[in-house]
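One is the number of the first residue; the rest follow in order along the sequence. None of the values given here were measured: they were computed from a predicted structure.
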Amino acid sequence: MEEEICSIASPILCHEDEDIKNAIEDAGFEAEILLEPSNVGTKPRGVLVGQFTIGGMTCAACVNSVEGILRDLPGVSRAVVALATSLGEVEYDPTVISKDDIVNAIEDAGFEASLVQSSEQDKIILGVAGVFNELDVQLIEGILSSLKGVRQFRFDRSSGELEVLFDPEVVSSRSLVDGIEGGSKGKFKLHVMNPYARMTTKDEETSIMFQLFTSSLFLSIPVFLIRVVCPHIPLLDAFLLWRCGPFLMGDWLKWALVSVVQFVIGKRFYVAAGRALRNGSTNMDVLVALGTSASYFYSVGALLYGAITGFWSPTYFETSSMLITFVLLGKYLECLAKGKTSDAIKKLVELAPATALLVVKDNGGNIIGEREVDALLIQPGDILKVLPGAKLPADGVVVWGSSYVNESMVTGESVPVSKEVDSPVIGGTINLHGALHIKATKIGSEAVLSQIISLVETAQMSKAPIQKFADFVASIFVPTVVTLSLITLLGWYAGGAAGAYPQQWLPENGNYFVFALMFSISVVVIACPCALGLATPTAVMVATGVGASNGVLIKGGDALERAQKVQYVIFDKTGTLTQGKAKVTTVKVFSEMHRGEFLTLVASAEASSEHPLAKAIVEYARHFHFFDENSLTEDAEYSSKESPISAWLLDVAEFSAVPGRGIQCFIDGKRVLVGNRKLLTESGVSISAHVEQFVVDLEESARTGILAAYDGNVIGVLGVADPLKREAAVVVQGLQKMGVRPVMVTGDNWRTAQAVAREVGIRDVRAEVMPAGKAEVVRSFQKDGSIVAMVGDGINDSPALAAADVGMAIGAGTDIAIEAADYVLMRNNLEDVITAIDLSRKTFSRIRWNYVFAMAYNVVAIPIAAGVLYPSLGIKLPPWAAGACMALSSVSVVCSSLLLRRYKKPRLTTILEITVE
């Protein structure tokens, strides 16, 4: 008896699987629970990638602490935290740990956390307008409960955000929105929340820091005036010297004002210091809390001691308040500067239009109207209308109309690109002239703009290897500074007690302990680990943004670091050094066959091949037969046009492509071979001397000779040329001037390869290399420890791109090439190779300067704060001045990184030292 399978669908949480199984068995049948294939096989839960905002991080030590906490969580396979963006990216198994568990773990460690977005494809977050009371909330819940495909939903009244988990195979996101709006009869208006837009809003943090700074300044100014200005104004001085209880009125006022600054405004420093110590690490907040607390509690102690004994020591309340004020000023300026470093992603997000015009058609395909839809609700296959001057809302192809499109914001190419029917278009670019109808093909994470944003974002999250130095210094920095502070305190106190310096150095009514304490506090507060922590990530953030605006996408800080050390650049020939638009230039028949018959036979054999040379041969034969003048113009792109007439082609059997050789098939029962010498000789076909000489002549003139054999005999040769890119020779020369050695690798024959290499000026050539062999060529250069870059554009280049230290996919290449590469050069222009190397060199030069400044600042500032120069030059830094120096040091490092925004692409005339008259 055959096994019967029964599928039972029941409402969620109504029945347990075991209950159903038991009920069937009670009826006398056998039952077994089978896991649903759609959940296990075709759509596995797998690993999700979640992005979380993390607040409260101040330096590299905080980053290390959060990363350690996340990596220790069960179900988390990878965790990366970026200080400059305050973001964390976590790969986790949702069957083991939830996003709420991750948020709770971060918050338990004392930091603020919230989910920005995840890689879940079945979740949408909507902003809902029109919800005013509980009845409205119940109406939304009722509508969602009645919609098919909705698995789970949650509405947050405070933010007005609706989170919906749905089955994309049952209901689309647009149908979901239409269902909610239709079910409410227009009462609710919904829009999709853009995760990137939510992620790039840092204004809230900046405004909070500004409020704290202004509040602290407002309270600190009176304290400063009481200490410095009021003693010179008799009326105010008399008021401040009025004794009120055990203390003077001036002391009461200072104590009250500074207490608010210390414990209300400065609460964040105590909280951050506490959580750092709880996690077994130390950071800048520990230093600020130590320094201000020492000053505050000493001053309180001095007041109480004076009230009890009558001996009044000087107080230093203003040190505490001004120190906190200057640190908050530094934090505010740092927030502003860090906001500038993420401008690249903000600009990319703003490229995408908010809405799109959807062309509505009836069942017969006739246009019956238009409707405006949210751009994030566009679906593949939608026909969209794009007016002149409007942004294209999605990637797709033109189905009606013609125009010019400005693609500079995505590719960096300044010249507008002509678009006609069947032309591909990129979302976010600007339609300049005519109206267009486009068919959406790629949406969401598959769209070019989303991929660019994702690449830039990933690069900004990644750590360059040089960052390890800062992480190490951060781990020992604070304990070292505290130790130095204690040594300073003991040194000055012991020296005073031993009579090593005169009493005249002491402040009025002061003593050796107070004198030593001020130096000690200055050491604590002047030290700045933040500058070290920000030196690398801010520069990498700015560089990746600048690269994106110039059409050079960098996948990470490690790729950026390797690129500046490149010694060899290996170029693929076809499509990289050449234009990738092969054209048949010569046809020679070596048989009794007519030229037309020969072309028909060869074209029929090559028609099933995807190789660019095959496309060129088919197009040439088609033109020969049908005189289609457009097929041989400079702009003909064989890869995207198919022959409209195929009846003239012969029937082909047993077609097969031989990698690195050519193709073989059978026509009329006889074997046809089209390819290089190796294909024919390995197949037992002899090549006569005059045919060999003809092929040699072609190859020496930088053309590829393609031989054709029919029924075991050579019947003809075709010469195919692929013109060099106009900038190829100049770029090769430019690389040589930069100290980089260019190499060419190709699957083509030696003579053609050497002829092309001579034209561009490359001396080192590797020819007749199979796709897998290109990776071996890369490794051969790496044997002596050299850093090798590979520039390619096709699928056959992907092994070499992955093997190279720096892989560069040019002209947007293929998806596989982009996946394997470290750099993606959006334009099909070799000058961007020089831009990529030059940008990496400039970036790491800036990072080194940042480190030099950050290290030099601490090396010089700490001894001065400790009073090393006081005995000889009388230079003494009061704690509030030390705090100001500390605040400005991190700001100066961020501003130094921001100078990279002024980066200009190198001019080849400058590199080659060409004087333009």
Side-chain angles (χ1 to χ4, degrees), residues 581-634 636 638-639 641-658 661-722 749 751-752:
K581 298 177 182 178
K583 290 192 294 185
V584 177
T585 58
T586 309
V587 176
K588 181 77 172 176
V589 181
F590 292 100
S591 67
E592 300 298 321
M593 193 177 287
H594 184 268
R595 185 185 180 93
E597 291 177 300
F598 170 73
L599 288 173
T600 302
L601 186 76
V602 175
S604 300
E606 291 280 23
S608 299
S609 174
E610 290 295 318
H611 197 282
L613 299 184
K615 298 283 187 184
I617 292 169
V618 173
E619 201 65 28
Y620 183 87
R622 186 172 70 85
H623 171 260
F624 180 86
H625 285 292
F626 301 104
F627 304 102
D628 180 0
E629 293 296 331
N630 291 329
S631 65
L632 293 181
T633 62
E634 287 288 331
Y638 309 119
S639 61
K641 292 186 178 180
E642 296 182 0
S643 174
I645 305 170
S646 57
W648 57 282
L649 294 174
L650 304 173
D651 292 331
V652 173
E654 298 181 39
F655 172 88
S656 65
V658 185
R661 303 286 190 271
I663 63 99
Q664 60 181 2
C665 64
F666 286 87
I667 295 178
D668 294 334
K670 296 177 181 179
R671 188 164 71 159
V672 177
L673 301 170
V674 183
N676 56 23
R677 291 183 190 83
K678 286 184 179 179
L679 177 69
L680 270 65
T681 54
E682 288 173 2
S683 302
V685 178
S686 60
I687 303 170
S688 62
H690 68 287
V691 173
E692 175 66 24
Q693 187 57 49
F694 184 79
V695 175
V696 169
D697 292 340
L698 285 175
E699 292 170 348
E700 288 179 345
S701 60
R703 285 176 286 179
T704 302
I706 298 176
L707 296 98
Y710 182 60
D711 197 22
N713 299 306
V714 176
I715 57 172
V717 175
L718 298 95
V720 180
D722 187 359
N749 64 81
R751 288 193 187 87
T752 304

Which pair of non-hydrogen atoms, one from W648 and one from A621, has the smallest distance, and what is that distance? CH2-CB, 3.7 Å
Let me confirm one number: the CG-CG distance from D651 to D668, rounded to the nearest 0.5 Å. 8.5 Å
A side-chain contact here means heavy atoms from C-beta on lying under 4.5 Å apart; do E682 and V658 qualify? no
Can you measure from NZ (K583) to CD (E619) and round to the nearest 0.5 angstrom? 12.0 Å
Side chain to side chain, I687 and V695, heavy atoms closer than 4.5 Å: no
Can you tell if the side chain of V602 reaches within under 4.5 Å of the side chain of Y620, non-hydrogen atoms only? no
Could you tell me the separation between the NE2 atom of H623 and the CG atom of L599, rounded to the nearest 0.5 Å? 11.5 Å
Are any side-chain N or O atoms of N676 and backbone N or O atoms of K678, one a donor and one an acceptor, separated by less than 3.5 Å? yes
Identify the two heavy atoms, one from V587 and one from F598, that lie closest to each other, and give their separation to 0.1 Å. CG1-CE2, 3.7 Å
Counterpart residues, side-chain hydrogen bond (donor to acceptor under 3.5 Å, both in side chains), relative to R677 (two or more places apart): E692, E699
Euclidean distance, F655 CZ relative to E606 CD, rounded to 0.5 Å: 7.0 Å
Rounded to the nearest 0.5 Å, what's the gap from CG on L707 to NZ on K588? Could you check? 14.0 Å
Tell me, yes or no, whether the heavy-atom count around D711 atom CG, taken from other residues, nucleotides or ligands under 6.0 Å, exceeds 12. yes
Where the side chain of T586 meets the backbone of G719, is there a donor-acceptor pair that is under 3.5 Å apart? no
What's the shortest heavy-atom distance between L698 and G705, and which atoms? CD1-CA, 4.0 Å
D697: which residues meet the side-chain hydrogen bond (donor to acceptor under 3.5 Å, both in side chains) condition with it, sequence neighbours left out? Q693
Side-chain donor/acceptor of T752 to backbone N/O of R703, under 3.5 Å: yes
About how many Å separate CG of L613 and CD1 of I706, when rounded to the nearest 0.5 Å? 4.5 Å
A605 to V672 - nearest heavy-atom pair and separation: CB-CG1, 4.0 Å
For A709 and V685, work out which heavy atoms get closest and say how close. CB-CG1, 4.1 Å
The side-chain contact (heavy atoms from CB on, under 4.5 Å) partner of L679 among V674, L673, I663 is L673
If you define the side chain from C-beta out and look only at heavy atoms, does anything of I667 sit under 4.5 Å from S604? yes
Side-chain touch K670/Y710, heavy atoms, less than 4.5 angstrom: yes
Taking all non-hydrogen atoms of both residues into account, name the closest pair between A582 and V720 and its distance. CB-CG1, 3.6 Å
